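The structure appears below as structure tokens.
Keep in mind it's a predicted model, so treat the numbers as computed, not measured. By convention in this document, chain letters (A, B, ...) are assigned in the order of the sequence lines, proteins followed by strands, and residues within each chain are numbered from 1.
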Amino acid sequence: MDTIITRFPPSPTGYLHIGGARTALFNWLYARQKGGKFVLRIEDTDEARSTKESVDAIFESLEWLGIDWDEGPYFQTQRYDIYRDYINKLVESGHAYYCDCTPEEVEAMREEARATGKKPMYNGKCRELNKKPNSGSKDGKSTNMVVRIKAPKMGSTVVDDVVKGSTAFPNSEIDDFIIQRSDGSPMYNLAVVIDDITMNINTIIRGDDHLVNTPKQIIIYNALEASLPLFAHVPMVLGSDKARLSKRHGAMSVSEYKDMGFLPDAMLNYLVRLGWSHGDQEFFTRQELIEKFSLEHIGRSPSMFDMDKLTALNAKHIQSKSPSELAPIFLSNLHKIGITPQTESNLETNSEPKLNKNLDNGLGLNLEKIIETLQPRSKTMVEMAEASKFYFQETIEFDESAAKKFLKPDMVDPLKRSIEYIKAIALADFSEKNLEDVFKKVMEETNLKFGKIAQPLRVALTGSTVSPGIFEMMLALGKDRTVQRIERAVGYIEIE
RNA sequence: GGUCCCAUCGUCUAGCGGUCAGGACGCUGGCCUCUCACGCCGGAAGCUCGGGUUCGAUUCCCGAUGGGAUCACCA
């Protein structure tokens with residue numbers, strides 16, 4: 001078998017959206033699994049709608065997802081000479097012809113066809129006229145004539161597809177479609193085929209909205225006597241109302257999911273499961289995906305995008321990562337809500353950033369431990385950042401009803417004892433085990449159950465009644481901060 | 001409308017003639033527990049309909065219905 005070469009050819013008329021990302025992912029996974037090549041090509045022949053911003057946004061989203069390419073990016077607008085050569089060949093070999101019918105004339109043909117109950121299409125007026133393209137051509141490129149393919153009139157064109165099977169399209173449905181505009185620029189179907197041929201693309205995985213123009217492309221392949229690639233048409237991703245996914249279904253662009261705190265790996269995992277399966281397995285690492293992906297197990301029916309499931313999967317991926325892997329993402333989400341803890345790198349000005357290392361704002365805050373305490377209770381990185389706020393507050397604000405309920409005079413004694421014993425722990429021995437011992441002692445002396453003292457402690461430490469476990473928080477906060485916060489709560493009770 | 005694709009719990013799906021139709025999300029009962037989560041155990045919930053083929057159809061064929069895609073000098 002030859003080297004597998006796949007491609008992803010977005011048109012830069014907007015951001016990379018969910019459906020496009022999935023198509024890119026399938027092509028990328030397949031190439032990676034087969035040790036093949038993945039080519040990126042920008043289809044910008046619609047110069048009116050293509051923008052540089054879109055190109056950049058697409059690159060950025062692919063990069064975020066970790067989808068890298070081996071060749072390209074190619075830009076179709078830089079390949080017009082190549083298309084022109086092929087178009088000329090097609091005309092010379094009699095597979096295509098010049099046509100000077102005006103858009104109005106063509107529209108009239110369509111009207112006529114509609115009136116007689118037939119399919120509206122070009123009637124082939126110039127098909128056998130052998131027109132030459134010289135009228136009004138100043139630059140030798142624009143001709144005032146379009147070039148049309150000489151499509152077969154009889155029989156049918158068959159598309160063999162790995163996921164859809166074999167489908168026959170009646171040639172009577174296909175008219176002599178334009179392959180070159182009157183300004184000399186190529187039309188989509190032509191450019192795609194020429195690119196795929198010249199880039200040696202042998203495996204085409206794309207949305208099944210392309211299935212219906214595959215016969216048109218096959219006609220061009222045949223006219224050029226080129227061998228056909230393997231086609232795999234993947235069903236569409238629909239919105240929650242079963243309509244094609246669009247803006248009104250909420251977030252469409254990949255970058256929005258980044259902003260919402262989703263992990264790239266979770267995104268990949270979710271996207272790949274939308275239309276592909278591997279038995280009952282739901283959770284996949286990037287590496288597993290590359291190993292297990294297969295064209296054979298792509299489903300044939302369209303699927304709906306489900307935010308809840310993505311979120312659940314994201315939670316699982318957050319749990320499965322190490323704190324150090326999460327640290328840079330966590331920090332950038334913290335930054336977005338206005339919290340920028342000092343790090344090793346900006347404490348020592350000329351050291352390289354070491355975001356994966358433990359961080360310390362000078363008071364014993366331990367970044368990786370903070371993350372660890374939040375991992376099992378964060379569905380997104382945005383949630384994690386939000387939930388971590390209390391760690392970074394110099395003076396924590398007590399939630400009013402929480403303080404009223406738990407910071408009461410009868411807690412002063414147990415809290416003071418706690419402070420005393422925590423203080424007695426040597427800095428090097430500040431561990432979960434020793435903290436447990438401390439509170440065992442406090443509980444014995446005060447004859448209280450831990451449940452009785454836990455909530456007051458929680459309010460003292462965080463200001464709220466909902467938080468990670470007491471001991472793990474203390475470790476993340478560090479000994480000094482822990483003591484300070486409990487002392488402050490005691491002071492608060494005594495003043496009230 | 002023509003052409004084409006598709007059809008298992010609400011959703012994503014496993015299933016490739018004989019299964020108590022399996023898993024996941026969501027929903028829900030419980031357990032665990034220092035709160036909230038996590039985790040664990042359990043529950044409700046599905047083969048669109050009608051014809052065939054077959055000893056036997058969720059599975060194969062045909063039709064209906066429903067949903068989707070596409071019919072440009074857009075990609």
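Protein atom CG of A/Asp176 is 12 Å distant from nucleotide atom P of B/C73, rounded to whole Å. Counting to the nearest Å, the C1' atom of B/U13 and the CZ atom of A/Phe284 are 11 Å from each other. We find that NZ of A/Lys216 is positioned 7 Å from P of B/C71, with the value rounded to whole Å. Straight-line distance from the CE atom of A/Met187 to the C1' atom of B/C71: 13 Å, rounded to whole Å.
The base of B/C6 lies outside donor-acceptor range of the side chain of A/Arg300, with no N or O pair under 3.5 Å. A/Arg377 contributes no side-chain N or O that forms a donor-acceptor pair with the base of B/C38 under 3.5 Å. You won't find any donor-acceptor pair under 3.5 Å spanning the side chain of A/Lys164 and the base of B/C5, going by distance alone.
When both distances must be under 3.5 Å, the Watson-Crick or G-U wobble mate of B/G1 is B/C71. Figure legend. B/U65 is base-paired to B/A7; pairs are counted as Watson-Crick or G-U wobble with both atom distances under 3.5 Å. In this structure B/U58 sits in no base pair that meets the Watson-Crick or G-U test at under 3.5 Å. Nucleotide B/C34 has no partner under the Watson-Crick or G-U criteria, as no pair reaches both atom distances under 3.5 Å. Nucleotide B/A45 has no partner under the Watson-Crick or G-U criteria, as no pair reaches both atom distances under 3.5 Å. Across all strands shown, B/G26 forms no Watson-Crick or G-U wobble pair with both distances under 3.5 Å. The pairing partner recorded for B/U53 is none, the criterion being a Watson-Crick or G-U wobble arrangement whose two distances lie under 3.5 angstrom.
Not one side-chain nitrogen or oxygen of A/Ser301 sits closer than 4.0 Å to the OP1 or OP2 atom of B/G68. A sub-4.0 Å separation between OP1 or OP2 of B/G39 and a side-chain N or O of A/Lys316 is present. The side chain of A/Ser182 contributes no N or O atom lying less than 4.0 Å from OP1 or OP2 of B/C73.
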Run A/Phe305 and A/Tyr257 through ring-ring contact (aromatic ring centres under 6.0 Å, His included) and show every step you take.
CA-CA 13 Å; A/Phe305 189 83; A/Tyr257 289 89; 5.7 Å; yes
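Toward the 5′ end of RNA chain B lies the nearest nucleotide of A/Val163, the other residue of the pair A/Val163 and A/Asn189 mapping further downstream.
B/C32 and B/G42 have their C1' atoms separated by 15 Å, with the value rounded to a whole Å. Between B/A45 and B/G22, the distance separating the two C1' atoms is 14 Å to the nearest Å. Using P as the reference atom, B/G63 and B/C6 are 14 Å apart when rounded to the nearest Å. Comparing the C1' positions of B/G66 and B/U48 gives a spacing of 8 Å, expressed to the nearest Å. Rounded to the nearest Å, the gap between the C1' atom of B/G1 and that of B/G15 is 37 Å. B/A44 and B/C27 are spaced 9 Å apart, taking the C1' atom of each and rounding to whole Å. Taking atom P in both B/G10 and B/C5, one finds a spacing of 27 Å when rounded to whole Å. Across the C1' atoms, B/C47 and B/U19 are found 13 Å apart, a figure rounded to whole Å.
Other residues, nucleotides and ligands place no more than 12 heavy atoms under 6.0 Å from the CZ atom of A/Arg300.
Side chain of A/Ser378 to main chain of A/Gln375: no donor-acceptor pair is present (N/O by atom type, distance under 3.5 Å, no hydrogens or angles). At least one donor-acceptor pair closer than 3.5 Å links the side chain of A/Thr373 to the backbone N or O of A/Ile370.
At a threshold of 4.0 Å, the pair A/Asp437-A/Lys441 does not count as salt-bridged, since none of the basic side-chain nitrogens sits closer than that to a carboxylate oxygen.
Residue A/Arg110 is in sugar-phosphate contact alone, with no base atom involved, counting any heavy-atom pair closer than 4.0 Å across all strands shown. At a threshold of 4.0 angstrom between heavy atoms, the contacts of A/Thr167 are confined to the sugar-phosphate backbone, with no base atom among them.
Checked against the 6.0 Å centroid criterion, the rings of A/His317 and A/Phe283 qualify as a close aromatic pair.
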